[in-house]
Amino acid sequence: MPELPEVETTLRGIAPHIDGRNVVAVHVHDSRLRWPVPADLPEKLVGHKLLGLERRAKYLLLHFRHGTLILHLGMSGSLRVVDPSHPRTPHDHLEIIFSGRRCLRLRDPRRFGAALWTEGEATAHQLLCALGPEPLSDSFDVDYLHAITRQRRAPIKNVIMDGHVVVGVGNIYASESLHMAGIHPARSAHRIAPARLARLVVAIKEVLADAIASGGTTLRDFTDAQGKPGYFRHHLRVYDRENLPCECGRGSIRRSVLGQRATYFCPACQR
DNA sequence: CCGGACGCCTGTCGGC
DNA sequence: TGCCGACAGGCGTCCG
């Protein structure tokens, strides 16, 4: 479900309520996420102060003095901060109660998400150490993408969705970025000229920044930490718009499948 | 190394 | 109305 803008929206929503607070209780209602939630998570966290939160790729990192809680929302996960008395719903698998009656609740119907504990430098964790650059950072630029894509014959959409190339670009924003850049999603990455790659880099940054500013995209059930939907759905130019006219005025949007993922594009303005 | 397919899960929706 | 298949915002792993 959540791509980078939705995870960033979640981070900004929960941080003010829990940053700097002490953990007073941890309840693991269902440990069967993508990997088992560590059985000793309560004893790791209770009594310790949350020193800071950050996002890396689509992971949320909650830093404590003696380690870091790594959260991932998978396809259907969401986090909310509620009063501990707020009734639980069937898929609320993990609760972390902070001082001041702030309850951080992880809901994840499909259980593709994760909650892991790591000690030492979080970025050295196996899941994080091989990730590509953040798309909104200066290190993600045309020189970098050019160097990477020269060796890649796969469709460009698959390449920009590969977290070892650049993180955070999920299925919605890959289609949207390629449309903004005028690049056909199935084009072999190594056959795209530098000037067009430069447009793609700019498009990825713009699309993601706009989506963050809109609070992410709500297609079905994404909500922020207060339960509000994201408004970027109204900005989508191709995603989930099969057969609707493209704004270029020269064709209608088509749907195809790349890497087993739905892909939306305009054959008239994307080459 | 690369590229493509698979599997993990539950919920929802459209067609018959 | 009920059933059944297709599909869903991610990603590690396996195989050729």
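First the proteins, then the strands, lettered A, B, ... as listed; each starts at 1. Worth saying up front: this structure is predicted, and the values here are computed from it rather than measured.
Rounded to a whole angstrom, the distance from the P atom of B:dC9 to that of C:dC14 is 16 Å.
A salt bridge (Lys or Arg N to Asp or Glu O under 4.0 Å) check over residues 117-133 of chain A, counting only residues at least two apart or in different chains, returns the pairs A:K44-A:E119. Every pair passing ring-ring contact (aromatic ring centres under 6.0 Å, His included) that includes a residue from residues 104-136 of chain A is listed here, sequence neighbours excluded: A:H66-A:W117.
Atom P of nucleotide C:dG9 and atom OH of A:Y231 are separated by 22 Å, given to the nearest angstrom. Across the protein-nucleic acid pair, A:R152 atom CZ and B:dG4 atom C1' stand 12 Å apart, rounded to whole Å. One interatomic measurement links the two molecules: CD1 of A:I172 to P of C:dG9, which rounds to 7 Å at whole-angstrom precision. Separating the CZ atom of A:R261 from the P atom of B:dG7 is a distance of 16 Å, rounded to the nearest angstrom. B:dC2 atom P lies 14 Å from atom CG of A:N158, rounded to whole Å. Put simply, CZ on A:R150 is 14 Å from P on B:dC2, counting in whole angstrom units. Going from atom NE2 of A:H164 over to atom P of C:dG12 covers 6 Å, rounded to whole Å. Separating the CD1 atom of A:I70 from the P atom of C:dC11 is a distance of 13 Å, rounded to the nearest angstrom.
Atom NE2 of residue A:H72 and atom CG of residue A:D108 lie 10.5 Å apart, to the nearest 0.5 angstrom.
Residues passing the side chain to side chain contact (heavy atoms under 4.5 Å, CB included) test with A:P135 are A:L4, A:F140, A:V166, A:V167, A:I204, A:L208, sequence neighbours excluded. Contacts of A:T217 classified as side chain to side chain donor-acceptor pair (under 3.5 Å), with partners at least two apart in sequence or in another chain: A:Y173.
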Solution key, residues 79-88 of chain A side-chain donor-acceptor pairs under 3.5 Å, sequence neighbours excluded:
| from | atom 1 | to | atom 2 | distance (Å) |
| --- | --- | --- | --- | --- |
| A:R80 | NH2 | A:Q226 | O | 3.3 |
| A:D83 | OD1 | A:S85 | N | 2.9 |
| A:D83 | OD1 | A:S85 | OG | 2.7 |
| A:D83 | OD1 | A:R101 | NH2 | 2.8 |
| A:D83 | OD2 | A:R101 | NE | 3.0 |
| A:R88 | NE | A:H29 | NE2 | 3.4 |
| A:R88 | NH1 | A:H29 | ND1 | 3.4 |

Scan the side chains in residues 31-39 of chain A for donor-acceptor partners under 3.5 Å anywhere in the protein, sequence neighbours excluded, and list what turns up.
| from | atom 1 | to | atom 2 | distance (Å) |
| --- | --- | --- | --- | --- |
| A:R32 | NE | A:D30 | OD1 | 3.0 |
| A:R32 | NH2 | A:D30 | OD2 | 3.0 |

Show me the donor-acceptor pairs, under 3.5 Å and distance only, between side chains in residues 242-251 of chain A and residues at least two apart or in other chains.
| from | atom 1 | to | atom 2 | distance (Å) |
| --- | --- | --- | --- | --- |
| A:E247 | OE1 | A:R237 | NE | 2.9 |
| A:E247 | OE2 | A:R237 | NE | 3.2 |
| A:R250 | NH1 | A:A268 | O | 3.3 |

For residues 181-194 of chain A, which side-chain donor-acceptor pairs fall under 3.5 Å, sequence neighbours excluded?
| from | atom 1 | to | atom 2 | distance (Å) |
| --- | --- | --- | --- | --- |
| A:H184 | ND1 | A:A186 | N | 3.1 |
| A:R187 | NE | A:R271 | O | 3.4 |
| A:S188 | OG | A:R153 | O | 2.8 |

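Nucleic acid contact class of A:R233 (heavy atoms, under 4.0 Å, all strands): none. The residue A:Y59 sits close only to the backbone: its heavy atoms come under 4.0 Å of sugar-phosphate atoms, none of a base.
In the set B:dA5, B:dG3, C:dG10, the nucleotide with an atom closest to the side chain of A:H72 is C:dG10. Residue A:A154 places its side chain closer to B:dG4 than to any other of B:dG4, C:dG9, C:dA8.
The phosphate of C:dG9 (OP1 or OP2) has no side-chain N or O of A:Y173 nearer than 4.0 angstrom. Between A:R220 and the phosphate of C:dC7, there is no side-chain N or O to OP1/OP2 separation shorter than 4.0 Å.
In the hydrophobic clustering, A:F265 connects to no other residue, as no ILVMFWY side-chain heavy atoms lie under 4.5 Å from its own.
Residues of residues 117-131 of chain A having a heavy atom closer than 4.0 Å to DNA chain C, listed by number: A:L127.
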Given protein heavy atoms under 4.0 Å, the one-letter contact record of nucleotides 8-13 of chain B, with B base, S sugar-phosphate only and - none, is simply BBBS--
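Put simply, A:I14 and A:F64 are part of the same group of oily side chains (I, L, V, M, F, W, Y) that touch within less than 4.5 Å, one to the next.
A donor-acceptor pair under 3.5 Å is formed between the side chain of A:E176 and the backbone N or O of A:V238.
Secondary-structure stems of DNA chain C, taken as three or more successive Watson-Crick or G-U wobble pairs (i with j, i+1 with j-1) under a 3.5 Å distance threshold, comprise B:2-8 with C:10-16, B:10-16 with C:2-8.
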